[in-house]
2 protein chains.
Amino acid sequence: MFKKFKIPDATIGRLSMYSRYLSEADEKGITTVSSQDIAQATGVTPAQVRKDLAYFGEFGTRGVGYNSRELYTYIMKILGLDKRWSIAIVGAGNLGRALSKYKGFQQRGFDIVCIFDNDPKKIGKKLANINIYPLDQLEEKVKELKIDLGIIAVPASAAQEVADMLVGAGIRGIINFAPINVTVKENIILRRVDLAAQLEYLTYYLEETR
Amino acid sequence: MFKKFKIPDATIGRLSMYSRYLSEADEKGITTVSSQDIAQATGVTPAQVRKDLAYFGEFGTRGVGYNSRELYTYIMKILGLDKRWSIAIVGAGNLGRALSKYKGFQQRGFDIVCIFDNDPKKIGKKLANINIYPLDQLEEKVKELKIDLGIIAVPASAAQEVADMLVGAGIRGIINFAPINVTVKENIILRRVDLAAQLEYLTYYLEETR
DNA sequence: TAGATTGTTAATCGATTAACAATC
DNA sequence: TAGATTGTTAATCGATTAACAATC
C-alpha cells in the first residue's frame with residue numbers, strides 16, 4: 001500500500017482502534033464522522049487522528065468529515081484485514097488454550113487453524129475443534145495449512161527454539177507471549193506481549209500510595 | 001520511591017525485562033553484570049539500560065558493573081514487587097478463565113483472588129480454586145478481600161460499566177482487555193491490552209508481501 | 001597504572017500538538 | 001456567503017543515542 005515513509009508504531013495501534021469505532025458508527029447508521037468524533041471515542045486528540053490518516057492518503061472531505069464505512073474499509077485495507085489470516089499457536093497450556101478459543105480474533109479476520117504441543121497427553125486431541133499436533137510436524141503443517149502467523153505461548157525456556165522453528169517453517173509474523181527476549185532474522189516481524197509486565201506498570205504507579 | 005521527574009512509560013516495561021534477566025543471572029551464579037550484558041539479553045542498547053536505571057539512582061560501580069542480585073532487588077522495589085498484590089478478574093469467559101490460571105502472574109507476585117461474572121451457570125463455581133461471584137457483590141468482595149487491581153475481561157459493550165464498578169469499589173489500577181476505549185477518573189491507572197491489535201500490527205507489515 | 005564501565009550531559013531523532021490555509 | 005473541518009506545515013515536546021569525564 002502507500003507506505004511511503006516510516007510510520008510510527010503507535011499509529012498502527014491507533015488505526016485498529018479507529019476501525020473499531022468506525023464499524024460501530026456505521027452499524028448505528030452514522031454515515032459521517034469528524035476527526036473530533038473519532039478522537040473522542042478512542043481517547044486521542046483530533047490532530048492525532050488526522051495526522052495518522054494523512055500518512056496513508058486523503059480520506060476525508062474538508063468542512064464535512066469522513067464517511068464512516070469508506071474510512072473503515074480503507075483502514076482495514078491498510079491493516080491488511082481485507083483478507084483473512086491463518087494462525088498457529090504453539091503451546092497448549094492455559095494461555096494457548098485460551099487464545100485458541102478467543103472470539104476476538106475471529107471477528108477481526110484471524111483463524112486459528114492449529115495448535116502445536118509436545119505433551120503426548122495433548123497431541124491428537126482437539127481444542128475448540130482445532131487439532132493439536134506434535135512440534136515436529138510444525139513445518140509440514142505450516143506449509144500444508146498455509147499458516148501466515150505464529151503465536152508463541154510456551155514457557156520462556158522454550159521460546160527461542162519455537163521462534164526458530166516458526167521462522168524455519170517460513171512464518172514471517174510472530175507474537176511472543178513468553179516473558180523473554182527472542183531474536184529472529186531481519187524482515188521477520190516479531191512482537192512481544194508481556195502480560196505480567198502490564199500489571200507491573202500498574203503497580204509501579206500505585207506502589208508509593210498503597 | 002525516587003520518582004523525581006516524569007519517567008517514560010517504555011522505561012517501566014524495560015525494567016520488567018531487566019529484572020527477569022537479573023534473577024536468571026543471579027540463579028546461574030553470575031554475580032556481576034554490565035549494562036552491555038543486560039542490553040544484549042533484553043534487546044536494547046547499553047546506553048538505554050544505563051539511562052533507565054539513572055532515573056532511579058546509582059546502582060552500579062564504575063569500571064565494574066552491577067551486582068545482579070542487588071540490582072534485581074532494587075528494580076523489584078521500584079516496580080512495587082517487593083510485596084504481593086491481589087487481583088480480581090471480571091468476566092469468566094475464555095480470556096478471564098485463562099488469565100485466572102496463568103502461572104506467569106503468581107511468579108511475579110500477583111494473586112488472583114476472585115472472579116466476577118453475571119452468568120448464573122458460572123456463579124458459585126470455582127475456577128482453578130478461585131471463587132466466582134456475581135457482579136453485584138463486587139464492591140463487597142473487593143473490600144473484604146482487599147483487592148488492589150482489576151482485570152476487565154468482558155465484552156466491549158460491558159467494559160465501561162465494569163470499569164465504573166471497579167473504580168466505585170475503590171480499585172485504583174485496571175487492565176482492560178476489552179477492545180474499546182474506557183475512561184476513568186484521574187489518578188486511576190488504566191492500561192489497555194488489545195490482543196487482536198497485536199496481530200494487526202503483524203499483518204500491517206506483512207500485508208504488502210503476502 | 002591501564003582497562004573497563006558507569007553516570008550524565010549534549011546531540012539527535014522521532015512523535016505529538018498547534019495553527020492555519022484550503023476547501024467543502 | 002459563513003461555518004465547519006480537513007490536510008499539512010511548523011513548533012513543541014519527549015525519548016533515545018552518542019560521547020565522555022568520573023572512577024573503580
Side-chain angles (χ1 to χ4, degrees), chain A residues 2-18 21-22 25 30-72 74-75 78 181 201 204-205, chain B residues 2-18 21-22 25 30-72 74-75 78 181 201 204-205:
Chain A
F2 338 81
K3 291 161 199 171
K4 289 165 208 159
F5 34 78
K6 178 65 186 139
I7 283 142
D9 273 8
T11 291
I12 314 305
R14 287 191 295 264
L15 289 180
S16 290
M17 297 200 298
Y18 302 160
Y21 165 72
L22 290 165
I30 304 167
T31 52
T32 306
V33 298
S34 64
S35 58
Q36 173 68 249
D37 296 331
I38 300 174
Q40 200 142 45
T42 57
V44 303
T45 64
Q48 182 77 267
V49 172
R50 295 201 299 276
K51 185 90 226 226
D52 284 339
L53 296 175
Y55 287 123
F56 300 97
E58 302 190 9
F59 305 111
T61 309
R62 290 168 196 234
V64 179
Y66 305 90
N67 178 286
S68 312
R69 191 175 303 177
E70 232 174 75
L71 184 56
Y72 170 78
Y74 278 128
I75 293 181
I78 291 167
N181 183 50
Y201 176 91
Y204 165 77
Y205 283 107
Chain B
F2 341 81
K3 292 160 202 174
K4 291 166 205 158
F5 33 78
K6 177 66 185 136
I7 283 143
D9 273 8
T11 291
I12 315 306
R14 286 191 296 265
L15 290 179
S16 290
M17 296 200 297
Y18 302 161
Y21 165 71
L22 290 165
I30 303 166
T31 51
T32 306
V33 298
S34 65
S35 58
Q36 174 68 248
D37 297 331
I38 300 174
Q40 201 142 44
T42 57
V44 302
T45 64
Q48 182 77 270
V49 172
R50 295 200 299 278
K51 185 91 226 224
D52 284 338
L53 296 174
Y55 287 123
F56 300 97
E58 304 188 9
F59 305 112
T61 309
R62 288 166 197 234
V64 179
Y66 305 90
N67 178 286
S68 312
R69 188 174 305 177
E70 231 175 76
L71 185 55
Y72 170 78
Y74 278 128
I75 293 181
I78 291 167
N181 183 49
Y201 177 89
Y204 165 77
Y205 283 107

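Because only heavy atoms are used, hydrogens play no part in the values below, and waters and symmetry mates are left out as well, while side chains stay in. The chains referred to below are lettered A, B, ... by the order of the sequence lines, with proteins before strands, and numbering in each begins at 1.
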*Asks:* Within the structure, does a side-chain N or O atom of A:Tyr66 lie under 4.0 Å from either OP1 or OP2 of D:dG7?
*Replies:*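 Checking D:dG7 against A:Tyr66, a side-chain N or O does come within under 4.0 Å of OP1 or OP2.
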*Asks:* Please state how far atom CD1 in B:Ile38 lies from atom P in C:dG7, giving the value in whole angstrom units.
*Replies:*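 Taking atom P of C:dG7 as the reference, CD1 of B:Ile38 is at 10 Å.
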*Asks:* A side-chain contact here means heavy atoms from C-beta on lying under 4.5 Å apart; do A:Asn67 and A:Thr32 qualify?
*Replies:*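 Not touching, per the 4.5 Å side-chain cut-off.
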*Asks:* Look at the side-chain N and O atoms of A:Arg50 and state whether any lies under 4.0 Å from the OP1 or OP2 oxygen of D:dT9.
*Replies:*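 No.
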*Asks:* Taking the side chain of A:Lys51 as heavy atoms from C-beta outward, which of D:dC20, D:dA18, D:dT9 is closest to it?
*Replies:*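 Looking only at heavy atoms from C-beta outward on A:Lys51, the closest nucleotide is D:dT9.
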*Asks:* Quickly work out the B:Tyr74 OH to C:dG7 C1' distance and round it to whole Å.
*Replies:*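 Rounded to whole Å, this separation is 15 Å.
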*Asks:* OP1 or OP2 of D:dT17 less than 4.0 angstrom from a side-chain nitrogen or oxygen of B:Thr45, does that happen here?
*Replies:*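 So the side-chain polar atoms of B:Thr45 do come within 4.0 Å of the phosphate oxygens OP1 or OP2 of D:dT17, strictly under.
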*Asks:* Nearest 0.5 Å, please: how far is CD1 in A:Ile30 from CG in A:Asp37?
*Replies:*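 Here the interatomic distance stands at 7.5 Å.
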*Asks:* To the nearest Å, give me how far apart CG (B:Asp37) and P (C:dT5) are.
*Replies:*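 In whole Å, C:dT5 P lies 8 Å from B:Asp37 CG.
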*Asks:* Can you tell me how far P of D:dT6 sits from CG of A:Asp52, to the nearest Å?
*Replies:*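 That distance rounds to 14 Å.
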*Asks:* Kindly give the heavy-atom pair with the smallest separation between A:Arg14 and A:Asp52, and that separation in Å.
*Replies:*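 Of all heavy-atom pairs spanning A:Arg14 and A:Asp52, the closest is NE-OD2, 2.6 Å.
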*Asks:* Please check the phosphate of D:dT5 (OP1 and OP2 only) for any side-chain N or O of A:Ser35 closer than 4.0 Å.
*Replies:*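 Indeed not, no polar side-chain atom of A:Ser35 lies that close.
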*Asks:* Rounded to whole Å, how long is the line connecting atom OH of B:Tyr55 with atom P of D:dG14?
*Replies:*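 One finds 11 Å between P of D:dG14 and OH of B:Tyr55, rounded.
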*Asks:* Considering only D:dA18, D:dT23, D:dT16, which nucleotide approaches the side chain of B:Ala10 most closely?
*Replies:*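 It is D:dT16.
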*Asks:* Whom does D:dA22 pair with, Watson-Crick or G-U wobble, provided both distances fall under 3.5 Å?
*Replies:*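 Checking every strand shown, D:dA22 finds its partner in C:dT5, with both distances under 3.5 Å.
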*Asks:* Indicate yes or no for a side-chain donor-acceptor contact from A:Ser68 to the backbone of A:Thr31 under 3.5 Å, with no hydrogens or angles considered.
*Replies:*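 Yes.
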*Asks:* Please check if the distance between the ring centroids of A:Phe59 and A:Tyr66 is under 6.0 Å.
*Replies:*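 Between A:Tyr66 and A:Phe59, which both carry aromatic rings, the centre distance is not below 6.0 Å.
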*Asks:* Quick check: on DNA chain D, is the nucleotide nearest A:Leu53 upstream (toward 5') of the one nearest B:Thr61, or the reverse? Name the residue that is more 5'.
*Replies:*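 Counting from the 5' end, the first nearest nucleotide belongs to A:Leu53.
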*Asks:* Taking for each residue the nucleotide of DNA chain C with the nearest heavy atom, is it A:Arg14 or A:Gly63 whose nucleotide lies nearer the 5' end?
*Replies:*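 Comparing both residues, the 5'-ward one is A:Arg14.
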*Asks:* Calculate the interatomic distance between B:Leu71 atom CG and C:dT6 atom P; express it in whole Å.
*Replies:*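 After rounding, the reported distance stands at 10 Å.
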*Asks:* Please tell me which of B:Gly60 and A:Val64 maps to the more 5' nucleotide of DNA chain C, matching each residue to the nucleotide holding its nearest heavy atom.
*Replies:*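 Counting from the 5' end, the first nearest nucleotide belongs to B:Gly60.
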*Asks:* What integer distance in Å separates A:Glu58:CD from C:dT23:C1'?
*Replies:*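 From A:Glu58 CD to C:dT23 C1': 11 Å.
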*Asks:* Which nucleotide wins on minimum distance to the side chain of B:Ala54, given the candidates C:dT6, C:dT8, C:dC24?
*Replies:*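 Looking only at side-chain atoms, B:Ala54 lies closest to C:dT8.
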*Asks:* Check the distance between D:dG14's P and A:Gln48's CD and give it to me in whole angstrom.
*Replies:*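 For the pair A:Gln48 CD and D:dG14 P, the rounded distance is 14 Å.
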*Asks:* Does the structure show a Watson-Crick or G-U wobble partner for C:dT12, both distances under 3.5 Å? Name it, or say none.
*Replies:*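 Across all strands, the one nucleotide that pairs with C:dT12 is D:dA15.
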